[in-house]
Participant: 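My questions will all concern the structure given below.
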Amino acid sequence: MAQVMTLARFGRVLAPAWILIGCESPAVRTETVTARDSAGIRVVENLGPTWASAWHVDPEPVLTIGSADASPDQALDQVGGAVKLADQEIVVADEGLLALLFYDGSGNLIRRIGRQGGGPGEFESIEWLSRHGTDSILVLDVRNQRVSYFDVEGNFGRSARLVSDARIPFPRAVGFFADGSFIAL
């Protein structure tokens, strides 16, 4: 089961770090990078781009998923997020369909997982999705008060419960760590 660190606890952990920020040694400067010691912690700042010319975003999309011209089985309804997997597949969280849609690198629908419900791999809402490491996809379902973990094939792995109380009726996960723990509000 994933461990949950509340924001209040997280704030107490960070408080000593904020105090130490003012205790810095003189900076060592190179061409585009500044490195300095801050209370025994090496801090490196990039002062500018390392490339010669500015980059830009091409006005023509490389890939289109769910366009207005798409067939009804390819239409999207209330996208809650999208992630690209290592094998070039793209996973789209569709709040309207309460499903995760897997597309190949050309934008063709490969599979759809999930449906409305409260069981494993089912959703009552999809607030967002995120990659976790190289082998997991996380989905926040606020109405079911949980974060569900799936593998990159879409197989349900487990879920972590978000416990509510009178002060926080709908808790939300806001940050994840490499060990699988997360911060919730």
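We're numbering straight along the sequence, starting at 1.
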Participant: When rounded to the nearest 0.5 angstrom, what is the spacing between CG in L100 and CZ in F102?
Facilitator: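 If I round to the nearest 0.5 Å, the distance is 5.5 Å.
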Participant: For a quick test of reading the model, state the closest non-hydrogen atom pair linking A160 to Y149 and the distance between them.
Facilitator: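 Taking every non-hydrogen atom into account, CB-CE1, 4.3 Å.
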Participant: Report the residues that fulfil side-chain hydrogen bond (donor to acceptor under 3.5 Å, both in side chains) with Q116, sequence neighbours left out, ordered by chain and then residue number.
Facilitator: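 Testing Q116 for side-chain hydrogen bond (donor to acceptor under 3.5 Å, both in side chains), a comparison that skips the adjacent residues, returns E124.
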Participant: Is a side-chain N or O of D141 found less than 3.5 angstrom from the main chain of I126, in a donor-acceptor match?
Facilitator: no
Participant: Could you work out, with side chain to side chain contact (heavy atoms under 4.5 Å, CB included) as the rule, every residue matching V62, not counting sequence neighbours?
Facilitator: none
Participant: What residue pairs, at least two apart or across chains, pass salt bridge (charged side-chain N to carboxylate O under 4.0 Å, His left out) with a residue in residues 86-106?
Facilitator: E89-R111
Participant: Taking side chain as C-beta onward, heavy atoms only, is L129 less than 4.5 Å from V91?
Facilitator: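 Result yes, sub-4.5 Å side-chain heavy-atom pair found.
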Participant: Looking at side-chain heavy atoms only, is the closest gap between N144 and L162 below 4.5 Å?
Facilitator: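 A side-chain contact is absent here, since even the closest heavy-atom pair is not under 4.5 Å.
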Participant: Could you state the interatomic distance from CG (L140) to OG (S148), rounded to the nearest 0.5 Å?
Facilitator: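 Reported value, rounded in 0.5 Å steps: 9.0 Å.
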Participant: Please check: side-chain N/O of T34 versus main-chain N/O of E45, any donor-acceptor pairing under 3.5 Å?
Facilitator: no
Participant: Measuring only between side-chain heavy atoms, which start at C-beta, is L101 closer than 4.5 Å to L109?
Facilitator: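 Touching, per the 4.5 Å side-chain cut-off.
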Participant: For D135, give me all partners under side-chain hydrogen bond (donor to acceptor under 3.5 Å, both in side chains), at least two apart in sequence or on another chain.
Facilitator: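 With neighbours one apart ignored, the set is empty.
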Participant: Starting at CZ of R115, measure out to CZ of F123 and round the result to the nearest 0.5 Å.
Facilitator: 11.0 Å
Participant: For V79, give me all partners under side chain to side chain contact (heavy atoms under 4.5 Å, CB included), at least two apart in sequence or on another chain.
Facilitator: L76, V92
Participant: Could you pull out the closest heavy-atom pair between G107 and I65, with the gap in Å?
Facilitator: CA-CG1, 4.1 Å
Participant: Is there side-chain contact between L138 and F150, with heavy atoms separated by less than 4.5 Å?
Facilitator: no
Participant: Taking all heavy atoms of P120 and all of F156, pick out the closest pair and write down the distance.
Facilitator: CB-CE2, 3.5 Å
Participant: Would you mind reporting whether L97 and R112 have side-chain heavy atoms less than 4.5 Å apart?
Facilitator: yes
Participant: Mind checking the OH-CG spacing from Y103 to L63? Nearest 0.5 Å is all I need.
Facilitator: 10.0 Å
Participant: Return the CD to OG distance between Q88 and S106, rounded to the nearest 0.5 Å.
Facilitator: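 Q88 atom CD to S106 atom OG measures 10.5 Å (nearest 0.5 Å).
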Participant: Between atom CZ of R146 and atom CZ of R161, what is the distance when rounded to the nearest 0.5 Å?
Facilitator: 7.5 Å
Participant: For V152, which residues count as a side chain to side chain contact (heavy atoms under 4.5 Å, CB included) partner, sequence neighbours excluded?
Facilitator: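 Result, side chain to side chain contact (heavy atoms under 4.5 Å, CB included) vs V152: L85.
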